[in-house]
Amino acid sequence: MASIEFNNVIKRYGTGPKANQVIHGVSAEVKDGEFVVIVGPSGCGKSTLLRMVAGLEEITEGTISIGGRVVNNLEPAERDIAMVFQNYALYPHMSVFDNMAYGLKIKKVPPDEIRARVDKAAKILELGSFLQRKPRELSGGQRQRVAMGRAIVRQPQVFLFDEPLSNLDAKLRAQTRLEIEKLHRELGITSLFVTHDQVEAMTLAQRMMVMNAGRMEQFGTPEEVYHRP
Ligand code: ADP
Ligand code: ADP
């Protein structure tokens, strides 16, 4: 677990006269173990902010720290984060177990440690009886859970969710939302969750970072954001 600190973060795409500034000095601190939802209309910069935390996008000015360490110059793999995307991109020829174990094998984590981590993730996600199946033998919801399992076994300090619910039908969306809540209850890992859906933001967030046109307009609990005097 770790805090995430944004210190006057600015993002410009491109350079020179064609440069387009899309984040205009965001400062905020996400506390250890907090679940924060970044919400706002399409194009306001949510995904850019998240990708800068992940190291998938360069930070033009300012700093982002994870657990007190400035990460501006760290590679994604050095940042102790795991990202959950909307399309789960599982390896089709591998079993559920191997899908979850793959990244750890590459990192030369010992086999019994891999087994223990996968079993723990499978228990939380109720995937224990599916570990030998292939992705095509799973429902959409189960596949989504395997994708989350791949993030969990990394034991990151931070989870980053990039609109993971937006391509799902209503039933699956509700189910996956409950799973994400359970995940946070059980593991308490600091999480940033991006969505353009206000209802989703309100139901999931401990605090909401409300973005508009590259600026953070509010940062507070759903009550604070929606019931301001
Ligand atoms: P959101 O996630 O809120 O929809 P984004 O962070 O994707 O917003 O985009 C913010 C702004 O940055 C938009 O104007 C978008 O067009 C622009 N943008 C996003 N990615 C790139 C890129 N790779 N190159 C240039 N402009 C980009
Ligand atoms: P490994 O993670 O062991 O390097 P992978 O093939 O799983 O091997 O990942 C390749 C790259 O993608 C690595 O840099 C890894 O850190 C990164 N990566 C993999 N899965 C995730 C994830 N869920 N979130 C963030 N980064 C990831």
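These numbers come from a predicted model, not from an experiment. Counting convention: from 1, in listed order, for ligands and their atoms alike.
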Does the protein place any heavy atom closer than 4.0 Å to atom 16 (O) of ligand 1?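 Answer no: nothing from the protein, no heavy atom, is under 4.0 Å.
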Among all protein heavy atoms in this structure, tell me which lies nearest to [atom], with the distance rounded to 0.1 Å.
| atom | answer |
| --- | --- |
| atom 26 (N) of ligand 1 | Tyr13 CD1, 3.3 Å |
| atom 7 (O) of ligand 1 | Ser47 CB, 3.8 Å |
| atom 10 (C) of ligand 1 | Gly43 O, 3.4 Å |
| atom 5 (P) of ligand 1 | Thr48 OG1, 3.7 Å |
| atom 8 (O) of ligand 1 | Gly45 N, 3.2 Å |
| atom 3 (O) of ligand 1 | Lys46 NZ, 2.9 Å |

Short N-O contact, Arg51 and Asp162, less than 4.0 angstrom: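 Looking at Arg51 and Asp162, the cut-off is not met.
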Answer yes when Glu181 and Arg185 have at least one side-chain N-carboxylate O distance shorter than 4.0 Å, and no when they do not.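 Between Arg185 and Glu181 there is no salt bridge, as every charged N stays at least 4.0 Å from the carboxylate O atoms.
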Heavy-atom pairs closer than 4.0 Å: do any link ligand 1 to the side chain of Val22, the backbone, both, or neither?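 Within the 4.0 Å criterion, Val22 contacts ligand 1 through side-chain atoms alone.
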NZ/Lys105: more than 12 non-hydrogen atoms of other groups inside 6.0 Å: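 Atom NZ in Lys105 is crowded, with more than 12 foreign heavy atoms closer than 6.0 Å.
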So with a 6.0 Å cut-off around NZ of Lys123, is the heavy-atom count from everything else above 12?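 Incorrect, the count does not exceed 12.
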Should Gly40 be listed as contacting ligand 1, given a heavy-atom distance under 4.0 Å as the test?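 Checking ligand 1 against Gly40, which is what was asked, there is no heavy-atom contact under 4.0 Å.
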Heavy-atom gap Gly14 to ligand 1 smaller than 4.0 Å: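 Contact check Gly14 vs ligand 1: negative.
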Residues Gln144, Thr176; criterion side chain to side chain donor-acceptor pair (under 3.5 Å); working and verdict: CA-CA 8 Å; Gln144 182 94 18; Thr176 307; 5.2 Å; no
Which word best sums up how the rings of His184 and Phe35 line up, parallel for under 30°, tilted for 30 to 60°, or perpendicular for over 60°?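 His184 and Phe35: perpendicular rings.
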Suppose I only count heavy atoms of Pro41 and a 4.0 Å limit; which atoms of ligand 1 are within that range?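 Within the 4.0 Å cut-off of Pro41, ligand 1 contributes 3 (O).
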Hey, which atoms in ligand 1 end up nearer than 4.0 Å to a heavy atom of Ser42?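 Listed by number with element: 4 (O).
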Is there a side-chain contact between Ile152 and Phe159 (heavy atoms, below 4.5 Å)?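 Yes - at least one pair of side-chain heavy atoms lies under 4.5 Å apart.
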Does any part of the side chain of Tyr13, heavy atoms only, come nearer than 4.5 Å to the side chain of Thr48, both counted from C-beta?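 Yes - at least one pair of side-chain heavy atoms lies under 4.5 Å apart.
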